[in-house]
Amino acid sequence: MKLYLKYFEIHLKSAMQFKGSFFATMISQFLTAFTVFLGITFMFGRFNSVDGFTYEEVLLCYAIILMGFGLSQLFASGFKVFDSMIGNGQFDRILCRPRNEIFQVLSQRVDFVRLGMLFQAVVMLVYSLVTCPVDWTFTRVLTVIFMIAGGFVLFSALFLLDGSIAFFTIQGLEVMNVFTYGALEHGKYPLSIYGRKMLTFCTFVVPYALIQYYPLTYVLGRADRLWYMFLPIIACLFVVPCWIVWRIGVSRYKSTGS
Amino acid sequence: MRKYLAFFRTRFNMGLQYRVAAIAGLACQFFWGAMAILAFKAFHDTDPSSFPMSMPAMSSYIWLQQALLTLLTLGGMDNEFFSVIESGNVAYELCRPVDVYGMWYSRSAATRVSNAMLRCVPVIIISALLPAPYGLSAPPDLLTFLTFLLSLILALAVINAMGMIVYMITFHTITPRGVRLIAINICDFFSGDIIPLPFFPAGFKEFVELLPFSATANVPLRIYSGDLHGPEMVKLMLLQALWAVVLIAAGKLIERRELRRVTVQGG
Amino acid sequence: MIEVKALRKTFKVARREAGFSEAVKALFHREYEYIHALDEVSFSIGGGEMVGYIGPNGAGKSSTIKILSGILTPDSGVCTVGGRTPWKERRAHVKEIGVVFGQRSQLWWDVPVIDSFELLKEIYSIPDSVYSKNLSELTETLDLPKIIKTPARQLSLGQRMRCEIAASLLHDPKVLFLDEPTIGLDAVSKLAVRDFIKRRNQEHGTTVILTTHDMQDIEALASRIILIGKGKILLDGTLDDIRRGGEHIDETVAELYKKFDV
């Protein structure tokens, strides 16, 4: 932990060396999330609800998933540049050091510009918490926290998987973007609107629905099932297969260059 | 012409070599389009009367958007060859007996076209095979299709000119990347990339349609799907032409100023 | 200190031909080539030795260094450093070694060098007293006091290399791997680096393994030479063994390469 704070400090120092660039990129991150928010707002200017969900409820859904995604981008973006770490020999250096590899890859990058995206998430979360006609009991608040944390873990696991692919092919696979950026983009709406098949896929293959749709129905009082609040924790088990792929990758690692 | 063909071919081969990436990229676009259509379908089913386009037109819009992604978005800008200025190799470019802006403009357009060609064919074929209202439907008639092509060329002219300007004016700032990303965000939104312009609130939509951003993907995609027709269509196409001329002229002016700066800096 | 027996490492490389039709073909079917980077490599190095590991490009030098430092896992063979197998006990192993890759940097680019050192202190869990002792010794012998407050990106290559070497030695490694440590350096920096490595070896008994294309490095530092070519050890002996007196060291080595046809 102390070591991570040390890394954190260095990243912050580095980012502050180029303040203009830092803030411009942060604003662009904010705009990315903000334009999606505007899109939702415009849509609900025409429609009162979608699949039974109101504007405020959809905003709550988007805020939660955006927060999980943003946190994971902030802290786990080391995996996203992992292919270049292999390419430029940085991973060789990591292997020469007496610390866990995953920990080191994570500490190579803290992407502070994502704070722009997180800002948008916080604003929407506060707004929807206030305006949603929900009786905020302790378990419901806790469920929202679980959903955000579960989203953070799930997206980080997907980034880990994405990074691991770099062990097997030199280029990263664009298809992984579907599971990360795509899940954010399309997870702004409750997953049920995409139909039963998609919901099943998002329950049993990549467990997005466990951090989004099911606990959300509990929070909004549509499903009176308290156990839905623990589904985000089960979703975290998705880390296990991703970690196994990573381990296989490390053992087959071929260093590049001379 | 031969030069461009050679350029095309190398790009094509480069793209083909990464087979996994090519197939994966295709799957990615396909999934993206399908999800977007399902989301709009959900809104449509909730209240069809509030839906400003027909559902088949909506699907066609999304599939063409996916197919022409690299052709018509500001993010499709190929920054690679602009690095000649950064590296100082611009001296070579200046030695050649051609108009610098014209050369860069056409090269940038060629990059867009070749990138899009690799991807659009499979997306168009597969999406055309999907059942209604989810698939890409044929345009209402031949004339519409020809108008679509014309508008597509105008859109390319506008977006390419815009990309050049964004690139050149951010060139000497300390934050080229960040500012470019902001420009891409703004352009994407106002060109109907997040939600199509017909979904914008009345009044605001009419204003946005006057902006250069909407003179890009917005017009051809809506013409193809049959959403845009009659005098409204003619008006927006004239606007496209106008913006193309204005942006190219502005680009040339900026280029002249920038080059002077480069040569001064080079000493 | 280091025992290597019958080490093998093979890489699979996709073969690719030019042209459009070849590119289309490669979409469906791909041919592979097998490259034997290491083929039954064996040697042993005692504590406190300084060994020059030489060979032409692509001979297998880097692969060996990467296996010894725990980065690569070989296909077969035995390798122990200080009694440990690098790729099996990676973390315990790397605490005992220092690695310098001449063409790469381990310093943080945008922050002062001293911040990188502080970070390494945490990574290697170096106790405060040991760290301050090593730091003052290294900064003094490598003449760093003035430059460690500067961000790494602003340093000259020579200054940076001195910092890289210091960074690799903060945790008192018993073995130091140097992969082309003098590449691209000016004459003064080269001499300073060589001089320092020599002193380090004499005063701390650090085992040094050095790969380089600069034969002056070998002449100045290595009492023993291991020559590798096409993945095989071709020669293992002292500099005097291969020298026939009088001629320039570069000629001697060129002669060797020619003799072994590598």
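To find a chain, count down the sequence lines: A is the first, B the second, and so on, and within it residues start at 1. What you see is a predicted model, and the numbers here were worked out from it, not measured in a lab.
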Q: Measure the spacing between OG of Ser192(A) and OH of Tyr213(A) and express it to the nearest 0.5 Å.
A: 4.0 Å

**Q.** Per-residue contact mode, Leu181(B) against chain A (heavy atom under 4.5 angstrom)
**A.** both

Q) Can you say whether Phe47(A) sits under 4.5 Å from chain B via the side chain, the backbone, both, or neither, judging by heavy atoms? A) side chain

**Q.** Portion of Tyr181(A) that has a non-hydrogen atom of chain B nearer than 4.5 angstrom
**A.** both

**Q.** Among the listed options Ser50(B), Ala183(B), Ala42(B), Ala36(B), the residue most often paired with chain A at heavy-atom distances under 4.5 Å
**A.** Ser50(B)

Q | Separation of Ser72(A) OG from Met67(A) CE (nearest 0.5 Å) | A | 13.5 Å

Q. Roughly how far, to the nearest 0.5 Å, is CG of Leu197(B) from CZ of Phe213(B)?
A. 12.0 Å

Q: May I ask you to name which of Thr25(A), Leu31(A), Val36(A), Ile40(A) has the most heavy-atom pairs under 4.5 Å with chain B?
A: Leu31(A)

Q: Could you have a look at Phe204(B), Phe40(B), Phe200(B) and say which one has the most heavy-atom pairs with chain A under 4.5 angstrom?
A: Phe200(B)

Q) Given that the side chain runs from C-beta out, which part of Pro196(B) has a heavy atom under 4.5 Å from chain A: side chain, backbone, both or neither? A) neither

Q. Could you state the interatomic distance from OG (Ser21(A)) to CE (Met26(A)), rounded to the nearest 0.5 Å?
A. 11.5 Å

Q | Pairwise side-chain contact, Leu221(B) with Leu68(B), heavy-atom cut-off 4.5 Å (strictly under) | A | yes

Q: Would you give the length of the straight line joining atom SG of Cys187(B) to atom CG of Leu211(B), rounded to the nearest 0.5 angstrom?
A: 10.0 Å

Q: Please look at Met198(A) and chain B and tell me whether the side chain, the backbone, both or neither of the residue comes under 4.5 angstrom of a heavy atom of that chain.
A: side chain

Q: Heavy-atom distances under 4.5 Å only: say whether Ile182(B) touches chain A with side chain, backbone, both or neither.
A: both

Q: Compute the centroid of each ring, for Phe44(A) and then for Phe43(B), and state whether the two points are separated by less than 6.0 Å.
A: yes

Q. Do you know which of Leu38(B), Thr46(B), Asn185(B) has the most heavy-atom pairs under 4.5 Å to chain A?
A. Asn185(B)

